[in-house]
Amino acid sequence: MWILHVDMDAFVASVELRRHPELVGQPIAVGGRGDPQQARMVVMSASYEARALGIHAGLPLRRAVRKVPELVVVPVDQAEYLAASAEILQALREFPMPIEPWGLEEFFLSTDRADPEDLALELQASVLADTRLVCTVGIGENKLQAKMATRHAKPARIFKITRENWPLLMDHRPAGDLWGIGERTAEKLAELGIGTIAELGAADEAMMAKRFGPTIGPRLARMGRGEGDTEIVTEPQQAKSRSHAVTYPEDLTERAEIAARVEGLARDLATSVIADGRQVVRVAVTVRNAGFFTKTLPLKLPEVSTDPELVASHALLVLEKFPLDRPVRLLGVRVDLA
DNA sequence: TCTGGGGTCCTAGGACCC
DNA sequence: TCTGGGGTCCTAGGACCC
């Protein structure tokens, strides 16, 4: 059995180019609400033309346009990306195989076919024909191998990683290159003398369990050897939480205004999830202050609720636990769902 | 010329009960 | 005149991903 990882190329930027064909060939960045001079906004996605000029996700918009004055900045339109993702899923469903969406722009598939490369070509052609969007396909014996293969194949190509070529391709690379190992874990591994993927694969699992916990520790060691999940979860998973956060162009300093914003965010979010037939079990409030210090505090509701006002009032209770002694840059609310 | 927004999973530790 | 050990719920926080 093979796992295929379908990953859309410059997904958000490509969706925007699809509906703005006059911009094709120009460097474009998607981010913010349409004003590239808006403070505190960053690039969400950049076209390959923009990437060639040094524009990348996470770059502040104002810095991006200073760097590339001819950069075209397009506002974020989440609903459009959601719709495009559904189109891609529909194109993939023409193939009789299990499919697991992974975020909006990635999909894992499994197949018993003996010619996964041919299948990958068919998938690419079909997605392009149906959606006018380009994807890369990674092939592996599990999700980790397939995901790492995709990186070798970007953009628009196909690559296969198996237990045979894993050591040659991966052993010498830093452990932090692996999908699932971020900066913090890479630092902790370095403290243990583990720098490369080969060293991670050779690590003692009992020692790893002691350092990282019984679940994560041994899993990290297995990842170093290229071992991973093969299960494709085709059932659409019910969302476990929904959240909304806003970074304000200028800091909020008045407690009354902060409270009013939190209350509004909570009420709107609760109203939306309840309209979708869900129940709220917990509400959490996030405050990021001017120093970028960020804290989230949760609170369980007295009972499962479908009352936006109850959610809003509990969000305010949570807010009271914050000192609010510094100007506030971001407020967020999350609801955990039954 | 600082640092978006939306998610998931895992762990540690305290409270409480038997 | 001593104070085990397991289970469960909850909070708080860490880490990672796209």
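Heavy atoms only: backbone and side chains are in, while hydrogens, waters and symmetry mates are out.
Nucleic acid contact class of Leu59(A) (heavy atoms, under 4.0 Å, all strands): none. Among the atoms of the strands shown, base atoms are found under 4.0 Å from some heavy atom of Arg66(A). Counting any heavy atom pair closer than 4.0 Å across all strands shown, Leu104(A) reaches no nucleic acid atom. Looking at heavy-atom distances under 4.0 Å, Lys147(A) makes contact with sugar-phosphate atoms alone, never a base. Trp179(A) comes within contact range of the sugar-phosphate backbone alone, with a heavy-atom separation under 4.0 Å but no base atom that close. Nucleic acid contact class of Leu178(A) (heavy atoms, under 4.0 Å, all strands): sugar-phosphate only. Using a 4.0 Å heavy-atom distance criterion, Ala239(A) is classed as a sugar-phosphate-only contact. No engagement by Val43(A) is indicated, since no non-hydrogen atom pair under 4.0 Å with the nucleic acid exists. Using a 4.0 Å heavy-atom criterion, one finds that Arg329(A) contacts the bases of the nucleic acid, with or without backbone contacts as well. Across all strands shown, Gln78(A) has no heavy atoms under 4.0 Å from either base or sugar-phosphate atoms.
The C1' atoms of dC18(C) and dC2(B) are separated by 22 Å, rounded to the nearest whole Å. A gap of 16 Å separates the C1' atoms of dT3(C) and dC17(B), to the nearest Å.
Here the side chain of Trp166(A) pairs a donor or acceptor atom with the backbone of Gly224(A) at under 3.5 angstrom.
The hydrophobic cluster containing Ile216(A) also contains Met208(A), counting ILVMFWY residues as joined when their side-chain heavy atoms lie under 4.5 angstrom apart, directly or transitively.
Enclosure of atom CD in Gln37(A) by more than 12 non-hydrogen atoms of other residues, nucleotides or ligands within 6.0 angstrom is indicated. Atom CD of Glu254(A) sits in a sparse spot, with 12 or fewer heavy atoms from other residues, nucleotides or ligands closer than 6.0 Å. Counted within 6.0 Å of CD on Glu257(A), heavy atoms from surrounding residues, nucleotides or ligands total more than 12; the atom is thus considered enclosed.
Between Asp336(A) and Arg334(A) there is a salt bridge, since a side-chain N of the basic residue sits under 4.0 Å from a carboxylate O of the acidic one. Between Asp118(A) and Arg113(A) no salt bridge is recorded (no basic side-chain N to carboxylate O distance below 4.0 Å). Salt bridge Asp251(A)/Arg326(A): absent, no basic N to carboxylate O contact under 4.0 Å.
Look at dC2(C): its glycosidic torsion is beyond 90° from 0, and that puts it in the anti range. An anti base is found at dT1(C): its glycosidic angle is more than 90° from 0.
Put simply, chain A comes within 4.0 Å of DNA chain C, heavy atom to any atom, from dC10(C) to dC18(C), going 5' to 3'.
Comparing Ile216(A) and His244(A) along DNA chain B, the residue whose closest nucleotide (by nearest heavy atom) sits nearer the 5' end is His244(A). Between Gly291(A) and Gly217(A), it is Gly291(A) whose nearest contact on DNA chain B lies nearer the 5' terminus.
Each of Val262(A), Thr286(A), Val287(A) was checked for a side chain to side chain contact (heavy atoms under 4.5 Å, CB included) with Phe322(A), and the lone residue meeting it is Val287(A). Partner Glu141(A) forms a salt bridge (Lys or Arg N to Asp or Glu O under 4.0 Å) with one of Lys147(A), Arg163(A), Arg225(A) and no other, that one being Arg163(A).
Consecutive pairing runs in DNA chain B reach the stem threshold at B:5-18 with C:5-18, where a stem means at least three Watson-Crick or G-U wobble pairs with distances under 3.5 Å.
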